[in-house]
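Chain A is the first sequence line, chain B the second, and so forth, proteins listed ahead of strands; every chain is numbered from 1.
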There are 2 protein chains.
Amino acid sequence: MNAKTKATSSVEFAKALADPTRQEIMILICCREMSVGDIVEAVDVSQPTVSHHLAILRDAGLVRVRNEGKHTFYSLNQGKVVVCCGNLIEVFAPQSEVTEMITDTSALEK
Amino acid sequence: MNAKTKATSSVEFAKALADPTRQEIMILICCREMSVGDIVEAVDVSQPTVSHHLAILRDAGLVRVRNEGKHTFYSLNQGKVVVCCGNLIEVFAPQSEVTEMITDTSALEK
DNA sequence: CATTCACATCGACAACCTTCGATATAACTC
DNA sequence: GAGTTATATCGAAGGTTGTCGATGTGAATG
């Protein structure tokens, strides 16, 4: 387990994903950095609402944040998603083949 | 994809997991069948509340239900958990090694 | 067939969440 | 330093969710 990355509980992880707007934002920043303004333009909610959702994703450790002058760039932490999903599978599907795979190998360690 | 199993959206899946009582129930019935009464005894909420949570898990396709006389037995659908988590990883971590694994092989098909 | 048992459903209430407009903050610009 | 731009925070409104007691329902039981 990486010490830098705060451990996110399964409930907190699920709550962070439990909103369509948040999932939409997550897809936008999944594979690239985006400024808050760019995200606001891409989704159909106000700027404060986008900031609010980004704060929730930040608190869950699901996004990386980088400040550059006036702009703040967000990007999704894909590794965190993998780790949290791995936790879910370990806890709620301990008898599945996938669980054997992810507990045997250290595929989720990074 | 199994035609019997209704496709659960990632938002619906996340919402189903986004409550500690529900996750507690999911762990209880993860690897065994339990009647509603047994679940009520094991958790610290009322019987109507347990029924309510079971209904949400049922609507999300996350539990199997079996009636036997007066009793109703619930058990977790581990395969569904694996499939839904696989979907999350594919969508939100497309560049991870795990995504290559689960898209290359058909490990999630059952 | 009246009673009991197991569970689901209903109605109400409180807590929480999403959303917005308004405002604060912090950084560039002229 | 006054103005502008980008983002965060605040406060309120409205919707959703979790919880409970009360009640409905359907199956076993005597």
A:Leu88 backbone acceptor or donor facing A:Ser10 side chain under 3.5 Å: no
Closest non-hydrogen atom pair between A:Val82 and B:Ala93, with its separation: CG2-CB, 3.5 Å
Flag, side chain of B:Gln95 to backbone of A:Gln78, donor-acceptor distance under 3.5 Å: no
Overall bend - the helix from C:dC1-D:dG30 to C:dC30-D:dG1, comparing terminal axes fitted on five pairs, nearest 10 degrees: 10°
Value in whole Å for how far the P atom of D:dT7 lies from CD of A:Glu33: 12 Å
Closest contact, heavy atoms only, B:Phe13 versus B:Thr8: N-CG2, 3.7 Å
Nearest-Å distance for atom pair CD/P, residues B:Gln23 and D:dT17: 17 Å
Rounded interatomic separation in angstrom, taking CZ from B:Phe73 and P from C:dA6: 11 Å
Heavy-atom pair with the smallest gap, counting every atom of A:Asn77 and A:Gly61: ND2-O, 3.6 Å
Value in whole Å for how far the P atom of D:dT19 lies from CG of B:Leu54: 12 Å
Nearest-angstrom distance from the residue atom CG of A:Asn67 to C1' of D:dA8: 11 Å
Any A:Tyr74 side-chain nitrogen or oxygen under 4.0 Å from OP1 or OP2 of D:dA6: no
Nearest-Å distance for atom pair CG/C1', residues B:Leu57 and D:dT17: 14 Å
Heavy-atom pair with the smallest gap, counting every atom of A:Val45 and A:Thr21: CG2-CG2, 4.2 Å
Donor-acceptor under 3.5 Å (A:Gln23 side chain, A:Leu17 main chain): yes
Between C1' of D:dT17 and CD of B:Glu12, the distance in whole Å: 15 Å
Point-to-point distance, once rounded to the nearest 0.5 Å, from CE of A:Met26 to CZ of B:Phe92: 4.5 Å
A:Asp59 CG - D:dA8 P separation (whole Å): 12 Å
Candidates B:Arg22, B:Glu24, B:Arg58 - the one meeting side-chain hydrogen bond (donor to acceptor under 3.5 Å, both in side chains) with B:His53: B:Arg22
B/S/- contact track for nucleotides 17-30 of chain C, protein heavy atom under 4.0 Å: -SBBBB----BS--
Shortest non-hydrogen contact from B:Ala16 toward B:Leu57: O-CD2, 4.1 Å
Smallest separation among heavy atoms of B:Leu62 and B:Lys80, with atom names: CD2-CG, 3.7 Å
Within the sub-3.5 Å range, which N or O atoms of nucleotides 11-13 of chain D have a protein N or O partner, and how far apart are they?
none

